[in-house]
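Accompanying notes for the structure given below.
All values below come from the heavy atoms of this structure, side chains included, with hydrogens, waters and symmetry mates left out. Predicted, not measured: the structure shown is a model, and the values here were computed from it.
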Amino acid sequence: MIRKSLIIANWKMKLSPREAFSLTRSIVPYIRVAAGARSRNSFVICPSFESLSCVGMLLKKTPIALGAQDCFWEQSGAYTGEVSPTALKESGCSYVLVGHSERRLYCSESDSMIAKKMAAACETPRLQPILCIGESLAIRKKGTYRSYIQKQLEAGIALIPRTKRVQFCVAYEPLWAISTMGIGLPIGPEHCAEVTTWIKTLLSQKLPGAHVRIIYGGSVDSENVMPFLQRGVSDGVLIGGASLTVRSFKKILTVLNQ
Ligand code: PEP
């Protein structure tokens with residue numbers, strides 16, 4: 001079986017429904033080609049909540065999956081403004097980002113909230129959470145990034161039973177590499193490989209029944225995407241800024257097709 005890399009576009013809160021619809025309509029024909037039968041890649045688009053239905057409509061009958069950018073930890077109840085994992089699944093989502101650094105920063109999402117979200121998403125059939133973790137530049141400079149990431153990882157999976165056969169992704173996104181938060185430069189593939197290999201080892205001890213893909217995110221574009229997709233470096237990439245225009249998204253697809 002071909003090992004497929006996961007290419008995930010995170011559109012953040014950058015596009016209105018009209019803009020998300022238009023970008024999806026323009027880019028789907030190119031992604032369809034890039035995701036063809038012999039492709040080494042599979043694709044996910046994560047628009048904001050209000051665009052899920054219009055983007056989802058365009059993704060129907062395509063090989064491109066729909067993802068959300070967040071979910072709540074309960075499946076229903078008096079939680080004004082929140083969206084449950086079950087509601088996301090019913091809206092066509094197969095993936096959901098959990099604990100993105102922007103949510104940790106601007107919405108004060110704590111490790112315990114993220115753990116509950118992870119557990120709720122993992123309990124939802126055919127919905128895969130993508131747990132986002134990563135250290136700040138200060139922590140990287142101090143050299144304590146391994147213990148920091150380990151703490152975030154262990155907190156994020158704390159409520160998943162050890163032997164449960166769950167499927168999820170971990171996105172390693174050093175804050176300082178995210179285009180809008182840091183210095184806007186990706187880390188090197190060697191550094192990425194070191195961390196993803198180590199995360200894999202930790203997870204095989206903590207959750208031996210889990211099937212987990214470890215992807216990388218942070219200033220990925222057409223110029224630097226390929227080294228991150230090499231075996232042993234990561235199982236895919238999470239792309240923010242470079243997935244927001246037809247031109248830059250197409251450039252990435254062109255590189256992936258080569
Ligand atoms: C992100 O927001 O998850 C991200 C990786 O953004 P960018 O690609 O713009 O750095």
Side-chain angles (χ1 to χ4, degrees), residues 1-10 34 39-44 97-102 104-105 128-157 168-208 210-243 248-249 251-258:
M1 206 170 78
I2 321 176
R3 166 195 167 270
K4 292 207 181 216
S5 295
L6 198 53
I7 314 295
I8 305 179
N10 173 17
S39 169
R40 288 162 305 201
N41 305 300
S42 53
F43 294 86
V44 183
L97 298 175
V98 174
H100 191 280
S101 54
E102 286 153 0
R104 293 180 192 255
L105 180 66
Q128 271 198 53
I130 302 157
L131 172 65
C132 302
I133 57 175
E135 80 283 3
S136 66
L137 189 55
I139 292 169
R140 162 65 46 174
K141 280 185 174 159
K142 235 170 53 187
T144 53
Y145 63 97
R146 278 200 178 205
S147 57
Y148 184 84
I149 296 166
Q150 178 165 359
K151 192 174 152 279
Q152 274 191 330
L153 183 69
E154 288 177 353
I157 60 170
F168 63 92
C169 303
V170 173
Y172 171 51
E173 300 203 291
L175 302 200
W176 44 284
I178 295 182
S179 64
T180 50
M181 294 188 96
I183 48 179
L185 280 178
I187 62 171
E190 313 74 35
H191 168 179
C192 182
E194 179 224 316
V195 177
T196 55
T197 307
W198 178 65
I199 292 174
K200 240 179 204 150
T201 310
L202 283 176
L203 284 171
S204 65
Q205 294 158 2
K206 303 273 169 204
L207 293 178
H211 178 268
V212 187
R213 285 176 289 181
I214 323 283
I215 65 174
Y216 165 74
S219 297
V220 172
D221 61 20
S222 57
E223 305 275 309
N224 59 38
V225 64
M226 285 318 279
F228 288 110
L229 301 181
Q230 300 309 308
R231 191 178 281 275
V233 178
S234 85
D235 298 317
V237 284
L238 181 50
I239 309 174
S243 69
S248 53
F249 206 151
K251 272 183 160 176
I252 295 172
L253 297 172
T254 307
V255 173
L256 293 177
N257 278 343
Q258 281 163 3

Side chain of E135, backbone of I149: donor and acceptor closer than 3.5 Å?
no
Pairs where residues 188-198 contributes a residue and the test salt bridge (charged side-chain N to carboxylate O under 4.0 Å, His left out) is met, not counting sequence neighbours:
R146-E194
Gap between atom CG of L153 and atom NZ of K206 - 0.5 Å precision:
9.0 Å
Could you pull out the closest heavy-atom pair between S39 and A34, with the gap in Å?
OG-O, 2.7 Å
Can you name the residues that form a ring-ring contact (aromatic ring centres under 6.0 Å, His included) with F228, not counting sequence neighbours?
Y216
Run the side chain to side chain contact (heavy atoms under 4.5 Å, CB included) check on V233 and T196 step by step: do they pass?
CA-CA 7 Å; V233 178; T196 55; 5.7 Å; no
Please name the pair of heavy atoms, one in I187 and one in P174, separated by the smallest distance, quoted to 0.1 Å.
CG2-CG, 3.7 Å
Pairs touching residues 212-239 that satisfy salt bridge (charged side-chain N to carboxylate O under 4.0 Å, His left out), sequence neighbours left out
R3-D235, K200-D235
Here the gap from L175 atom CG to E102 atom CD, rounded to the nearest 0.5 Å, amounts to 9.5 Å
Validation row: Y145, V195 side chains within 4.5 angstrom (heavy atoms)
yes
d(C192 SG, Q230 CD) to nearest 0.5 Å is 11.5 Å
Check: V237 and V225 side chains under 4.5 Å, non-hydrogen atoms
yes
When rounded to the nearest 0.5 angstrom, what distance separates CG in L256 from NZ in K251?
13.5 Å
Quick one: does L203's side chain get under 4.5 Å of I214's, heavy atoms only?
yes
Mind checking the CZ-CD1 spacing from F43 to I8? Nearest 0.5 Å is all I need.
11.5 Å
Closest non-hydrogen contact found for W198 with S147 is CH2-N, 4.5 Å
Could you report the tightest heavy-atom contact between L229 and G236, atom names first, then the distance?
CD2-CA, 3.8 Å
Which pair of non-hydrogen atoms, one from W176 and one from L137, has the smallest distance, and what is that distance?
CD1-N, 3.4 Å
Does N41 reach the main-chain N or O of L253 with its side chain, forming a donor-acceptor pair under 3.5 Å?
no
What distance do L238 atom CG and I178 atom CD1 have between them, rounded to the nearest 0.5 Å?
8.0 Å
Can you find a pair of side-chain heavy atoms, one from I133 and one from I199, that are under 4.5 Å apart?
yes
Please report the shortest heavy-atom distance between I252 and S222, naming the atom on each side.
CG1-N, 3.6 Å
